[in-house]
Amino acid sequence: MPEPRRFYQTTAIDYPNSRPHIGTAFEKIGADVQARYRRQQGYRVHFLMGNDENTIKVVERAQQLGVDPKPYVDDMARQFREVWQSLDISFDDFIQTSEERHRIGCQKFIQRVYDAGDIYKRNYQALYCEGCEEFKTESQLTPQRRCPNHANRDLRLVEEENYFFRLSKYGPRLLELYEARPDFIQPEGRRNEVVSLVRGGLEDVSISRRNFTWGIDIPWDAEHKIYVWFDALLNYITGVGHGTDEALFAQWWPAAVHFIGKDITRFHCALWPAMLWSAGLELPQRVFAHGFVYIKNEATDEVQKISKSLGNVIEPLDIVREFSSDAFRYYFMRECPFGGDGEFSFARFAATYNGDLANNLGNLFSRTVSMAVRYFDGVLTGSRAIAPTDMFASVDLAALTASVSADIEACRYATALETIWRQVLDTGNRYIEETRPWLLANSSKPEYDLEACRRVLVNLAEAVRVAAILLRPFLPRTAAKLYAGFNFPGPFAEQSLATIVARPAEHEDLRVTAELVDGKLPPMFPKIEPQRAKA
RNA sequence: GGCGGCGUAGCUCAGUUGGUUAGAGCAGCGGAAUCAUAAUCCGCGUGUCCGGGGUUCGAGUCCCUGCGCCGCUACCA
């Protein structure tokens, strides 16, 4: 047996000053599909998620609540994990940047960069708005160089001694990287943005702040804390043992892919590689920047950003409780292209759920199982001798599998799902209409032919098997139920996409093994009543 | 302002290197069927492929231009 290929992937770490919403969940689901797919294909996967806790906002929020930062972030981390678990996000580890392993790894890393001569001290000037009580960037200012929220008062110029990282010197090397590895940044549009940013010239970045009480000390100067990005990005290596467990680190680094939001592309594609070069570490293989989810207001038809002030935040747990995690996952993976932006509305959710999940998928499974039970008492005697090749005669299963694989690997999840629906599920439903098994099973009809009927059902079971395998990364619970519908040969866990064409040998005749209630299959996806599609 | 992207059926979107009557899903209309969660199947679109000009035997697909929308334009996550 060859050593299984390793696949280390990460998501962005989140700020724990508010609970995760559906936009945050979008990223995690997309990452989870990749992780589940890779595991299914035999990779050894390590899937890291986490929270970004060393920020001033955490301290402020904890103060508002009258608690210390650490218990606050620990409780938020618990809440985040709870949401991710309810969405069946199969993360292997969850790092909090307030953990010791992060502090130790972080300090060792920054020391290496310091020793390499890439960190120096100098004055940092910034514009401070007393109204907002925070620093403003040039790009945030009004034409009069005032704060947009407090245009009637001047900004204060604040100077502070900070440590700076020599990002500027890595510009040329970054451009070489983008040139040599065009797929380092995906999708391509994001890559172009980063290229033009770096072409425009990079400045050194400040990486420390004084007078912070929360965060990680600069190891050689405890008056300074490590500031934002230099701390946050390092979770990707401290989470797999950098500085604390070098054997583990050697096993997983470099990462196969970082999943991030499009807004933080430049930190991951310019700053992060430069940091790693400086410390003498390898670069991740790929950075994938996904789009954002917007809320479509059904009353006004407006497309809005998700925000607390607009009051349109949707709790993932609400949807999971009312429908299912698979329904939640399906909507976002099918309706929102991962590399681009997407929209959410309950009306659209209900339409997708009812059409694709309840009607096309759930009902296909239901009618298949139901006919097998009704016409054959659930046992397809002699099925071993029947090759299920009729239904997919018009479909090239090898090409279909290859195309779905390629789409998933490129994070074209919506395309992969569309292919599965059109080529597998639609084909299945059409096949039933064409063969009309209810006539074949009816002894009073001229079409009566029980052998032919059995053959049809063996083919339909095959559709269920193929669908189960293909859908597994997207809809883990549904896929498991589909596969458990019949006594297919071989445990589901061992069914890679290759087993779609190279079917495992049958040891016994097919029979229905789905759980029945009063002899019937309960609906997988009970319909959403249109009027219940709340606004 | 600069750089980049987008604008295709009522809605959401596909449309490789330019090549036959521009496609899918949903919605709508008509029909069939009844195994099934009234699900499914078949049929039905005179779409200015944003407008204008150009290259070409031929352009949704390339070039120029006008309009509209969006992204990026560094220390904010």
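By convention in this document, chain letters (A, B, ...) are assigned in the order of the sequence lines, proteins followed by strands, and residues within each chain are numbered from 1.
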*Write down the distance between OH (A:Tyr227) and C1' (B:A77), rounded to a whole number of angstrom.*
10 Å
*If the P atom of B:G28 is compared with that of B:A36, how far apart are they to the nearest Å?*
25 Å
*Does B:A24 have a Watson-Crick or wobble partner in any strand here, with both distances under 3.5 angstrom, and which is it?*
B:U12
*Who are the ring pair (Phe, Tyr, Trp, His ring centres under 6.0 Å) partners of A:Trp421, not counting sequence neighbours?*
A:Tyr330
*In residues 371-379 of chain A, which residues come under 4.0 Å of RNA chain B by heavy atom?*
A:Met371, A:Arg374, A:Tyr375
Using nucleotides 8-16 of chain B, report all nitrogen or oxygen pairs with the protein that are shorter than 3.5 Å.
residue, atom, partner, partner atom, Å
B:U12, O2', A:Arg348, NH2, 3.2

*May I ask you to say what A:Val228 touches in the nucleic acid, namely base, sugar-phosphate or nothing, with a heavy-atom cut-off under 4.0 Å?*
sugar-phosphate
*Between A:Lys445 (NZ) and B:U34 (C1'), how many Å, whole number?*
10 Å
*What's the closest nucleotide to the A:Leu167 side chain, out of B:C72, B:A74, B:A77?*
B:A74
*Would you kindly compare A:Leu439 and A:Thr55 by the position of their nearest RNA chain B nucleotide and give the one closer to the 5′ end?*
A:Leu439
*Between B:A77 atom P and A:Asp263 atom CG, what is the distance in whole Å?*
11 Å
*Return the value, rounded to whole Å, for the distance between atom CG of A:Asp231 and atom P of B:A77.*
11 Å
*Whole-Å C1' distance, B:C13 and B:U8*: 9 Å
*Starting from P on B:U34, measure out to CG on A:Asn442 and report it in whole angstrom.*
10 Å
*Whole-angstrom distance between B:A22 and B:A9, as gauged at atom C1'*: 10 Å
_List the residues meeting salt bridge (charged side-chain N to carboxylate O under 4.0 Å, His left out) with A:Asp396, not counting sequence neighbours, and say none if there are none._
none
*Base, sugar-phosphate alone, or nothing: which one does A:Arg199 contact when heavy atoms must sit under 4.0 Å apart?*
nothing
*Check salt bridge (charged side-chain N to carboxylate O under 4.0 Å, His left out) between A:Arg412 and all other residues, then give those that pass, not counting sequence neighbours.*
A:Asp407
*Between A:Asp14 (CG) and B:A77 (P), how many Å, whole number?*
14 Å
*Can we say A:Lys28 and A:Asp14 salt-bridge, meaning some charged N sits less than 4.0 Å from an Asp/Glu carboxylate O?*
yes
*For B:G2 versus B:U12, give the span between their C1' atoms, rounded off to a whole number of Å.*
33 Å
Tabulate below the donor-acceptor pairs under 3.5 Å that side-chain atoms of residues 363-374 of chain A make, not counting sequence neighbours, or state none.
residue, atom, partner, partner atom, Å
A:Arg367, NH1, A:Asn429, OD1, 2.9
A:Arg367, NH2, A:Glu433, OE2, 2.9
A:Thr368, OG1, A:Leu364, O, 2.7

*On RNA chain B, nearest-nucleotide positions of A:Glu193 versus A:Ser370: which is more 5'?*
A:Ser370
*Not counting sequence neighbours, which residues clear side chain to side chain donor-acceptor pair (under 3.5 Å) with A:His224? List them please.*
A:Ser208
*Pair A:Glu193 + A:Arg190, salt bridge at N-O below 4.0 Å*: yes
*Identify whether any heavy atom of A:Trp229 sits under 4.0 Å from a base atom; if not, whether one sits that close to sugar-phosphate; answer base, sugar-phosphate or nothing.*
sugar-phosphate
*Searching all strands shown, indicate the nucleotide that pairs with B:A36 (Watson-Crick or G-U wobble; both distances under 3.5 Å).*
none
*For B:C41, give its Watson-Crick or G-U wobble partner with both distances under 3.5 Å, or none.*
B:G31
*asked:* If I take atom OG1 from residue A:Thr11 and atom CZ from residue A:Phe94, how far apart are they, to the nearest 0.5 angstrom?
replied: 8.0 Å
*Expressed in whole Å, how much space separates the P atoms belonging to B:U61 and B:U17?*
13 Å
May I have the list of side-chain donor-acceptor pairs in residues 444-452 of chain A shorter than 3.5 Å, sequence neighbours left out?
residue, atom, partner, partner atom, Å
A:Ser444, OG, A:Asn442, OD1, 2.7
A:Asp449, OD1, A:Glu451, N, 3.2
A:Asp449, OD1, A:Ala452, N, 3.1
A:Glu451, OE2, A:Arg454, NH2, 2.7

*Base-pairing mate for B:G19 - Watson-Crick or G-U, with both contacts under 3.5 Å*: B:C57
*Can you list the residues that meet the side chain to side chain donor-acceptor pair (under 3.5 Å) rule with A:Gln96, with sequence neighbours excluded?*
A:Glu53, A:Asp74
*Calculate the interatomic distance between A:Trp438 atom CH2 and B:C35 atom P; express it in whole Å.*
7 Å
*What is the distance, rounded to the nearest whole Å, between atom CZ of A:Arg334 and atom P of B:A24?*
14 Å
*Classify the angle between the aromatic ring planes of A:Phe26 and A:His290 as parallel (below 30°), tilted (30 to 60°) or perpendicular (above 60°).*
perpendicular
*Answer with base, sugar-phosphate or nothing: what part of the nucleic acid does A:Gly189 contact at a heavy-atom distance below 4.0 Å?*
nothing
*asked:* Using the C1' atom as the point on both nucleotides, what is the distance between B:G5 and B:G10, in whole Å?
replied: 26 Å
_Taking pairing as Watson-Crick or G-U wobble with both contacts under 3.5 Å, can you name the mate of B:U48, or confirm there isn't one?_
none
*Mind checking the C1' distance from B:C70 to B:U34? Whole angstroms is fine.*
49 Å
*Expressed as a whole number of Å, how far does the C1' atom of B:A32 sit from that of B:A39?*
15 Å
Any N/O pairs under 3.5 Å between the protein and nucleotides 38-45 of chain B? List them or say none.
residue, atom, partner, partner atom, Å
B:A39, OP1, A:Lys527, NZ, 2.9
B:A39, O5', A:Lys527, NZ, 2.9
B:A39, O2', A:Asn359, O, 3.3
B:A39, O2', A:Asn363, ND2, 2.2
B:U40, OP1, A:Asn360, ND2, 3.1
B:U40, O2', A:Arg367, NH1, 3.3
B:U40, O2', A:Glu433, OE2, 2.7
B:U40, O2, A:Glu433, OE2, 3.4
B:C42, OP1, A:Arg430, NE, 3.4

*Kindly write out the residues that satisfy side chain to side chain donor-acceptor pair (under 3.5 Å) with A:Asn123, not counting sequence neighbours, or none if the list is empty.*
A:Glu159
*Could you list the residues that satisfy side chain to side chain donor-acceptor pair (under 3.5 Å) with A:Arg19, not counting sequence neighbours?*
A:Gln79, A:Glu315
*asked:* Less than 4.5 Å apart, side chain to side chain, heavy atoms only: is that true for A:Ile386 and A:Leu380?
replied: no
*Partner of B:C6 by Watson-Crick or G-U wobble geometry, both contacts under 3.5 Å, or none?*
B:G68
